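Read the structure below first, then the notes.
Note that the coordinates shown come from a computational prediction; the quantities given were computed from them, not determined experimentally. Labels below follow one simple rule: chain letters A, B, ... track the order of the sequence lines, proteins then strands, and each chain is numbered from 1.
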Amino acid sequence: MTSAQLEIQLVAVVVAVACALPGVFLVLRRLALVSDAISHAVLLGIVLAFFAVGDLSSPLLLVGAAATGLLTVFLIELLQRTRLVREDAAIGLVFPALFSVGVILIARFADTVHLDTDVVLLGELAFAPFERFVLFGWDWGPEALVEMGFVLALNVLVIALLYKELKLATFDPGLALALGFSPALLHYGLMALVSITAVGAFDAVGSILVVALMVGPPAAAYLLTDRLPVMLGLAALGGAASAVGGFWLAHALDASIAGSIAAVVGIEFGAAVLFAPKRGVVALARRHARQRVEFAEAMLAIHLLQHEGTPEALAESRVDHLDEHLRWERSFARRVVRRAERRGYVVTTDGRLLLTDRGRALARTALAV
Amino acid sequence: MNAPSPALEVLDLTVAYGERPALWDVDLAVPRGTLTAVVGPNGAGKTTLVRAVLGLVRPAAGTIRVFGGPYRERRRLVAYVPQRGSVDWDFPTNVLDVVTMGRYGALGWLRRPGRREREAAVESLRQVGIEDLADRQISELSGGQQQRVFLARALVQDAEIYLMDEPFQGVDALTERAIVALLRELREAGRTVVAVHHDLQTVAEYFDEVALLNVRLVASGRVEEVFTEENLRATYGARGFLERPAVEA
């Protein structure tokens, strides 16, 4: 592995973790789409700030972009409050407008500078090692790494300091307000973090990947855990893993690094949907199958109990007639009977089922509920 | 000479959503150490009243005093039990953590909950009889258990007045009895409870005071005095068929 390869992966990992942390709160607040809006709309802020200061590496660009991010959120909420459009429509109306103004401004006035729309959308991680951050005559590494390192540190710091407040305002904004924590302030604080992260990240990886990294790893982590701190950790880990995995996938396929990272994010999320221990599709299907058999077992016990000691008990309790009486498929009926026997709810004599005491108890509890 | 100020005093309160009034010129005084029910039909503004007291909706007019002062200065004396449906129970956290949130107000910004807060939370879980659920993920709770968690979260605030929005909504009979017992304990301890309540059958049994609300305040006072057939008809029957109920936020 060359040092350039290492640096690219480092940049990707730092970007991924920086995106995943605020992304967790976006996902929990059902604001995933807002990351899309912000990451596009900040382009306008960058362009305007660039016109003001005339320097692409000025930290003022970050401030301008963050301000546009907040403006986006504000406009979306304003539009929503009119109750003329729903939230998704409001998002879809606001950010393309701001983004398109940014695109037009670049095309019209900033053609000669390094600010083109392809890079804005897709980014180019492969170039990250070329732009060095040099200070005091010392090469501190790729500019993107230094910049995103600061953004990551900021995100970690803010989330660590305001963890309790963010959690409360996300879970129960009413209580947060009643207790004197301003949910509005926390909301806009979080949106400022998302904006700053989006600006820093899209220079390196493009706005599409910013959205993928803010939404994908947190959404996967949400399926894997019931604890918020674990969710933050898993989202960061999942983001980092997709950064490294995506890099080598791109290497193998000779494809775009950002695109490959986004693909790995998708694969990770797909795996979580299928195999998450409690909420995954596979776990749910197995649980349903088990519940179906358990329910059938109780039904069998109730059926036998109802007919116990009655004249038709002989006919009703024949194993090979269960399919008629309970309308079960033969194979399913056999499975239920075998399981019930194994658990000591019934015994079979001469092809007839007899309830045991345990079986009677099962039927009675099932009926009592 | 001066009688102590009421636990809660509402003067000329009007709240409107847009141009539709949710509360019209409501005057209400809740004496200290009582259990007060707020009853009225859907859209009567019961929830709005509670939310206005807590500063969650801004009144168009009127004054609200909690123990003689504005809510902002009395936050620590007030605990809030919102409707169960007001939060996302799939949020990744457990029962103990949710109850500990009741201490956040006393902690203020930046300070983290520690052992003392967790112990207080366990103690309130014990008070509502679900200390064995402390580590349970909140999405696995039944309706009655969710309500107990919210009550425990309010108890841990150790407040003087408890504002509850439908504490009996959708809970099983056992939980209902537990909540009633808890309300009486609070009254024994001199605390005040104001609860939005739906079940007219149990008002006289559970509460001392009642406020009959239908956008305007129809009547308020001791249950035995104001919970009358006539007042109930004025509260529930006066609503015209064409009038659209105000939105409850």
Side-chain angles (χ1 to χ4, degrees), chain A residues 23-31 81-84 157-186 189 218-235 272 276-279 284 287 369, chain B residues 17-18 47 50-58 71-76 78-84 86-98 100-114 117 135-140 149-150 153-154 157 159 163 165 247 249:
Chain A
V24 164
F25 289 97
L26 286 183
V27 167
L28 288 176
R29 290 164 164 254
R30 302 175 198 280
L31 292 174
R81 224 169 296 150
T82 63
R83 300 199 179 192
L84 298 174
L157 190 73
V158 172
I159 290 175
L161 278 177
L162 294 177
Y163 174 76
K164 167 183 107 221
E165 288 78 4
L166 281 168
K167 181 175 68 179
L168 177 62
T170 302
F171 175 64
D172 192 342
L175 184 70
L177 186 56
L179 291 181
F181 301 102
S182 165
L185 195 67
L186 288 162
Y222 178 72
L223 296 173
L224 296 174
T225 177
D226 290 335
R227 302 285 291 139
L228 181 53
V230 182
M231 184 177 167
L232 283 161
L234 282 177
K278 263 159 66 185
R279 306 199 186 92
L284 281 180
R287 200 179 317 149
V369 178
Chain B
Y17 296 113
T47 295
V50 171
R51 291 175 64 86
V53 173
L54 292 161
L56 302 181
V57 292
R58 193 173 303 179
Y71 173 73
R72 284 172 156 281
E73 294 166 18
R74 299 284 188 273
R75 273 188 222 287
R76 301 276 292 280
V78 185
Y80 172 39
V81 181
Q83 287 184 22
R84 276 191 292 123
S86 66
V87 302
D88 172 14
W89 291 95
D90 284 327
F91 193 85
T93 189
N94 64 15
V95 166
L96 187 66
D97 192 42
V98 171
T100 308
M101 289 177 187
R103 297 302 307 164
Y104 285 9
L107 282 169
W109 288 85
L110 301 181
R111 274 175 53 205
R112 288 158 172 275
E117 282 70 30
D135 295 324
R136 187 74 65 88
Q137 157 66 18
I138 57 171
S139 63
E140 293 163 6
V149 168
F150 267 1
R153 189 177 71 173
Q157 288 183 249
L163 300 175
D165 200 348
V247 180

Using side-chain contact (heavy atoms from CB on, under 4.5 Å), reason through A:D226 and B:N94 one step at a time and then give a plain yes or no.
CA-CA 8 Å; A:D226 290 335; B:N94 64 15; over 6 Å; no
Do you know which of B:V53, B:L54, B:V87 has the most heavy-atom pairs with chain A at a distance under 4.5 angstrom?
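Most pairs with chain A among the choices: B:V87.
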Options B:G55, B:P82, B:G108, ranked by heavy-atom pairs under 4.5 Å with chain A, top entry:
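Highest number of heavy-atom pairs under 4.5 Å: B:G108.
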Heavy atoms only, distances under 4.5 angstrom: which of [options] has the most pairs with chain B? Name it, please.
options: A:L162, A:T170, A:L161, A:L179; answer: A:L179
options: A:K164, A:R227, A:K167; answer: A:K164
options: A:P229, A:G174, A:A176; answer: A:G174

Exercise: identify the closest heavy-atom pair between [X] and [Y]:
X: A:A178; Y: B:Y80; answer: CB-CD2, 4.4 Å
X: A:L177; Y: B:R75; answer: O-NH1, 3.4 Å
X: A:L168; Y: B:Y104; answer: CD2-CD2, 3.7 Å

Contact class of B:V98 relative to chain A, heavy atoms under 4.5 angstrom
side chain
Proximity breakdown for B:R72 and chain A, heavy-atom pairs closer than 4.5 Å:
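B:R72 has no heavy atom closer than 4.5 Å to chain A.
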Nearest-0.5 Å distance that lies between atom [atom1] in [X] and atom [atom2] in [Y]:
X: A:D172; Y: B:R153; atom1: CG; atom2: CZ; value: 4.5 Å
X: A:T225; Y: B:Q137; atom1: OG1; atom2: CD; value: 8.0 Å
X: A:E165; Y: B:R111; atom1: CD; atom2: CZ; value: 11.5 Å

Heavy-atom side-chain contact between A:L28 and B:P92 under 4.5 Å
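When only atoms from C-beta onward are counted, B:P92 and A:L28 do touch, with a gap below 4.5 Å.
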For A:L224, is it the side chain, the backbone, both, or neither that has a heavy atom closer than 4.5 Å to a heavy atom of chain B?
neither
Looking at B:I138, B:D88, B:D97, which hits side chain to side chain contact (heavy atoms under 4.5 Å, CB included) with A:F171?
B:I138
With a sphere of 6.0 Å drawn around CZ of A:R287, does it hold more than 12 non-hydrogen atoms of other residues, nucleotides or ligands?
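It does: A:R287 CZ has more than 12 such atoms within range.
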